[in-house]
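All values below were derived from every heavy atom in this structure, side-chain atoms included, with hydrogens, water molecules and symmetry-related copies excluded.
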Amino acid sequence: MKEVKDFDLLKELNTNPNRAMEYLIEQYTGLVYSIINSKISSVGTAEDVKECVSDVFMEFYRQAKQIDPAKGSVKGYLAVIAKHKGIDLYRRLAGTAIRNVNMDETYERFIDNKLNPEQEVIRKEQRNFLLQAIETLGEPDREIFIRKYYLGQKTKEIAEALYLRDNTVDKKISRGLKKLRILLGGVVHEGAEDNLLTK
Amino acid sequence: MKEQKTIYLLNEADLEAEIPAAMEELDINKASLLLNGIDINETALDREYIQDIKKRTIRKLGLEDTASTSYDSITEEKHKESSEKRKGSRWKGYAAAAAFIILGILAGINHDRVVLAFQDMLSLIPGVGIINNNQEVEYRLEEQAAAENDQCSLKLLYVAATEDTLTVRFDLKGTFTEEQGQTNNISNFPEIFLLVDNQKFQKYRGGSGSGISGNQFSYNGNYTFKLDQKYIDTGKKFTLVCEEFNIQVSFRLSKIDQYGSPSEIGATEIHNDISLTADAFLKDGQLSVNIYPMNYSEYNLVSFNSEYNLEYFGKKMTLNTDKGIKEYTPPSYYGTDLNAPFLFDVSDGSGNFELSIPFVVVETKEEKEVSLPIPKEGEAAEVNKEIAFENGSAIIKSVERLAGDIGNEYGYLKISLDYTSLNEVQQLVSVEFTGKNAIGFYPYFDEQNRITAVSYMLNESDTKELKLSVITPRYVLMDPYHLDIDIK
């Protein structure tokens, strides 16, 4: 794909919004679709996904004046909007405002427990460390993790995107998880009174 | 003494739940860093799907729908015609060493698909139209091919072949039988293989996508098959087969047209080792002009690589005719790597067309370091630092510390810029700034479309001094191109 710099694109959004939106949709529908589809395919129809993808671009346009390329890339903005839209729609479709999206029982156990502020800080720190650890995995492992856990892509999709075999992707995920677990095992927090993640 | 606790996750299952949860909380800045360098465009969404998203969004926003449906037919006709070689001799030895191939490869097909799919086969010059002969594609689809049965249709979108590979992009759409519907799901992509001379070839590499809604299915693939050289020939009949849906489509190859020089393709002019070639045709009072650039200069060419950056210093491309100057309608098809045509309304019967392109925009890879003071919030500081590049300088006049806002508690450094250029016909119009943790910057443009200031987001560690790299100076090369358009 042609790469248009974010600042050129935002300039175009001001001067020729329809042209800029067409480019944006052409360039980023794959990203937005991946995120939305992974969030709501289990509870919604293909039409729901499509409508939500369109809503993400609409929301981006509405926020265009506030979009600050110093804070994040167009890709980052779209991804975050897609996450939020996907979660909202999932909740509506699933008929609950409590249940979180795409998280298994283990995670729900964490969030259903009310954390005190200190626990919240520890959890945040833990998650920051986890994200940093993913950054250290090296390529293509890092990209595989992001595709799987951020974009919600399936093994087959990741394998095709990265020209890998399906079982290579699965092995890399499995090994990566082990590596992350070792990396995370070394985190020490002082003065932690209680921690849901402490085993 | 404070209690110490080691935090760890007991098993991979816990960890696997924690990763998406952690990613779920990413803000825009962190999401941008995370996604940096990851291209998700390979998701093989149906062309119609993307067009539908465009239409929905444009409609909801109340914008003008420029997602032209007539575009494909215009392009189709254009490329059919372009397969006829034209004569011309304006090319003055510049590229005598090279033979050129026009990528009118695929008469009657959707060219943006070609480009998208060719990216893993070829080194394309963005703004496709002319590619160097050192690439390997030798054959294209002779003519469109599709097949249909009671259950589904199989359509070839393009075919291209090198001496020992054949790449096919196809759509397979239809309805599941009741039995198939119970067993199929989106991850069960049907087996599709290639037959030639009764030899069966499986996919060597490539991607695929699928969509299932109720009992309707839509599969699309971009498959490359590795074949022995003896099978790649214009005399061979190839068949793409999907046994699961009992459908197959046959096709033949033909040789790609080759040209000895760009001037055989259309009017060509060169400045600064950058050639622009116009390929035009007239239909229904609309002059449709594709501009194919070739860049042998030291610069990265920005113009015509995308449909942006077409106006600087109040100048833009025009068509001079015997009935006055005509302005272009911009290409209506964005972001597809397709070199979309510029349209000129010449329904008044005007003739003697000369396309006037007042400049091209280029960038260099130069990079300079700069340290800037960070004043207190609300205050400004004079800087007057010159960042000298090979052909011009960016002057950092002053910096100003702006207050932070949501998502940025440390504020911004607004950097005011001016430019000096060594050569009047080579105007420096912008530079970019990068730094540690930088995603980008907020630009301020003047009426000439130059960036005259940027706001850079500060981090916790940015206290007294900010070290930045100043990169990719962008120049407007103001040597005009005048291309006499031959009408086909």
Got a donor-acceptor contact below 3.5 angstrom from the B/Ser32 side chain to the A/Gly72 backbone? no
First locate atom CD of A/Glu143, then atom CG of B/Leu34, and finally report the distance between them rounded to the nearest 0.5 Å. 10.5 Å
A/Ile81 versus chain B, the contacting section by heavy-atom distance below 4.5 Å: neither
Which atom names give the shortest non-hydrogen contact between B/Leu33 and A/Arg142, and what distance separates them? O-NH2, 3.6 Å
In terms of heavy-atom contacts, A/Met21 and B/Thr57 come closest through CE-CG2, 4.1 Å
Measure B/Asp52 against the heavy atoms of chain A and call it side chain, backbone, both or neither at under 4.5 Å. side chain
Relative to chain B, which of A/Asp55, A/Val53, A/Val80, A/Ile146 shows the most heavy atom pairs under 4.5 Å? A/Ile146
What I'd like to find out is whether the side chain of B/Leu35 reaches to under 4.5 Å of the side chain of A/Tyr150, using heavy atoms alone. yes
Spatial distance of atom CD (A/Glu51) from atom CD1 (B/Ile53) [nearest 0.5 Å]: 8.0 Å
Which residue, B/Lys54, B/Lys55, B/Arg56, forms the side-chain contact (heavy atoms from CB on, under 4.5 Å) with A/Ile25? B/Lys54
So, taking the atom named CG in B/Asn449 and the one named CG in A/Asp8, what distance separates them when rounded to the nearest 0.5 Å? 9.0 Å
Would you mind checking which part of B/Leu26 comes under 4.5 Å of any heavy atom in chain A, side chain (CB onward), backbone (N, CA, C, O), both or neither? both
Okay, A/Leu151 and chain B: the region with an atom under 4.5 Å from a heavy atom over there is side chain
Tell me, side chain or backbone of A/Val56 under 4.5 Å from chain B's heavy atoms, or both, or neither? neither
Kindly compute the distance separating CG (A/Leu131) from CD1 (B/Ile19), expressed to the nearest 0.5 Å. 9.0 Å
Working to the nearest 0.5 angstrom, can you tell me the gap between A/Tyr33 OH and B/Ile50 CD1? 11.0 Å
Any residue meeting salt bridge (charged side-chain N to carboxylate O under 4.0 Å, His left out) with A/Asp170, in chain and number order, not counting sequence neighbours: none
Compare every heavy atom of B/Pro443 with every heavy atom of A/Pro69, then report the nearest pair and how far apart it is. CG-CD, 3.9 Å
Taking C-beta and beyond as the side chain, do A/Lys75 and B/Asn36 meet within less than 4.5 Å on heavy atoms? no
Ring centers of B/Tyr442, A/Phe7 separated by less than 6.0 Å: no
Evaluate whether atom NZ of B/Lys30 has more than 12 neighbouring non-hydrogen atoms of other residues, nucleotides or ligands under 6.0 angstrom away. no
Find out whether A/Glu26 and B/Gln51 are in side-chain contact, i.e. whether some heavy atom of one side chain is under 4.5 Å from a heavy atom of the other. yes
